[in-house]
Amino acid sequence: MDKVEKRYEGQGFIARFDQKATLKAMELTDTAFGKVFIKRPGMMRWEYEVPEKQIIITDSKTLWMYRPEDNQVMTGNAPTYFGDGKGASFLSDIKVIRKNFIVTLEKNSNPDYHILKLVPKEKKYDIDAIYLSISKTTSDVARIVTYNSYGDETLIELSKFQFNQNLDDAMFSFTIPEGTDILQLEE
């Protein structure tokens with residue numbers, strides 16, 4: 001964890017992501033990919049390119065989920081959805097991992113990665129476990145696999161990192177276009 005924290009201590013980073021979410025009960029799997037921008041502490045911008053354009057932005061206080069094709073933005077309280085490390089938000093403040101999770105090193109046969117298992121210290125949100133694949137050579141978080149109590153799985157693979165980026169705070173705010181439908185997310 002010391003090496004991972006050191007790797008992510010810079011102001012911000014950019015990476016490509018590939019995401020696969022599986023709802024076990026419905027046997028549904030959705031895939032998506034795009035680019036993520038992270039700025040410490042707590043600011044994230046996920047730009048989905050496929051299957052449809054979508055932007056998820058948080059300035060650590062407010063969450064915006066904008067779907068241009070639907071002319072719709074959903075907005076809510078960011079800590080409700082991203083607080084305490086939920087939704088891969090620990091990437092924007094890596095020290096949250098030690099604070100909110102019990103971290104164990106898993107045995108694995110892959111010579112390139114350490115596998116860390118994160119179990120929430122408090123069951124205040126629907127995460128049973130998170131598995132991080134950490135590059136042994138760079139200490140990059142290359143893969144995040146999250147499981148909830150229903151057995152659903154979300155896998156995010158990160159690549160093409162650009163560390164020590166000085167990202168403008170304006171990237172992590174959203175001005176709702178005129179005429180866009182606004183939906184309030186339940187708190």
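- Side chains of M43 and S92 form no contact here, defined as non-hydrogen atoms less than 4.5 Å apart.
- You'll find the ring centres of F17 and F33 outside the 6.0 Å limit.
- Side-chain N or O atoms of R40 include one that pairs as donor or acceptor with a backbone N or O of E9 at under 3.5 Å.
- In this structure, K20 NZ and T31 OG1 are separated by 9.0 Å, a value rounded to the nearest 0.5 Å.
- Remark: side-chain polar atoms of D152 are paired, donor with acceptor, to backbone N or O of K24 under 3.5 angstrom.
- The distance from the CG atom of N110 to the OG atom of S133 is 7.5 Å, given to the nearest 0.5 Å.
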List the steps, then state whether side chain to side chain contact (heavy atoms under 4.5 Å, CB included) holds for L132 with I115. CA-CA 6 Å; L132 303 180; I115 307 295; over 6 Å; no
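- By the rule that hydrophobic residues join a cluster once side-chain heavy atoms approach within less than 4.5 Å of another member, W64 and I182 end up as members of one cluster.
- Aromatic pair Y8/F163: centroids less than 6.0 angstrom apart.
- In this structure, T62 and T58 approach most closely via the heavy-atom pair O-OG1, 3.0 Å.
- In this structure, the side chain of S173 does not engage the main chain of A170 through any donor-acceptor pair within 3.5 Å.
- Between R16 and E49, at least one side-chain N (NZ, or NE/NH1/NH2) sits under 4.0 Å from a carboxylate O, which counts as a salt bridge.
- The line from CG of L155 to OG1 of T146 is 8.5 Å long, rounded to the nearest 0.5 Å.
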So V73 and F174, side chain to side chain contact (heavy atoms under 4.5 Å, CB included) or not? Walk me through it. CA-CA 10 Å; V73 66; F174 185 71; 3.8 Å; yes
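- Stacking of R143 on the aromatic ring of Y113 is not recorded, the 6.0 Å distance cut-off and the 45° axial limit not both being met.
- F101 and V145 are not part of a single hydrophobic cluster, where members link through side-chain heavy atoms under 4.5 Å apart.
- Interatomic distance, NE2 of H114 versus NZ of K136, reported as 5.0 Å (0.5 Å rounding).
- In this structure, F161 and F13 have tilted ring planes: the angle between them lies in the 30° to 60° band.
- R45 places no side-chain N or O within donor-acceptor distance of the main-chain N or O of I38, the cut-off being under 3.5 Å.
- In this structure, R98 and E5 have side chains that are in contact, with non-hydrogen atoms separated by less than 4.5 Å.
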Could you give me the CA-CA distance, side-chain angles and deciding distance for I134 and V141, then say whether side chain to side chain contact (heavy atoms under 4.5 Å, CB included) is met? CA-CA 5 Å; I134 309 294; V141 177; 3.7 Å; yes
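- Counting heavy atoms from C-beta outward, D140 and L158 have side chains that stay 4.5 Å or more apart.
- At distances below 3.5 Å, at least one donor-acceptor pair connects side-chain atoms of N148 with backbone N or O atoms of G151.
- Rounding to the nearest 0.5 angstrom, the gap separating the CE atom in M65 from the CD1 atom in I57 is 11.5 Å.
- Contact detail for A88 and W46: the closest heavy-atom pair is CB-CZ2, 4.2 Å.
- Looking at heavy atoms from C-beta onward, Y66 lies out of side-chain contact with I56 at the 4.5 angstrom threshold.
- In this structure, K39 contributes its side chain and L167 its backbone to a donor-acceptor pair below 3.5 Å.
- Under the 4.5 Å side-chain criterion, counting only non-hydrogen atoms from C-beta, F90 is not in contact with K95.
- Relative orientation of the Y131 and Y147 rings is perpendicular, given thresholds of 30° and 60° on the angle between their planes.
- If you check the side chains of T29 and T22, you find a donor sitting under 3.5 Å from an acceptor.
- Hydrophobic clustering, with ILVMFWY side chains joined whenever heavy atoms are under 4.5 angstrom apart, keeps L116 apart from I102.
- When atom types are taken as modelled, the side chain of T180 and the backbone of P177 share a donor-acceptor pair closer than 3.5 angstrom.
- By the 4.5 Å heavy-atom criterion applied to side chains, I144 and I130 are counted as neighbours.
- Side chain of S60 to main chain of G42: no donor-acceptor pair is present (N/O by atom type, distance under 3.5 Å, no hydrogens or angles).
- In this structure, CG in D128 is found 5.5 Å from OG in S149, a value given to the nearest 0.5 Å.
- Contact detail for P79 and K61: the closest heavy-atom pair is CD-O, 3.5 Å.
- Formation of a donor-acceptor pair under 3.5 Å by the E47 side chain with backbone atoms of Q54 is not found in this model.
- Side-chain atoms of N164 and Q11, non-hydrogen and from C-beta on, never get closer than 4.5 Å to each other.
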Could you walk me through whether I97 and M1 pass the side chain to side chain contact (heavy atoms under 4.5 Å, CB included) test, one step at a time? CA-CA 9 Å; I97 292 175; M1 277 307 302; 3.8 Å; yes
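- At least one side-chain heavy atom of V4 sits less than 4.5 Å from a side-chain heavy atom of I94.
- Side-chain contact annotation: R67 with Q72, donor-acceptor N/O pair under 3.5 Å absent.
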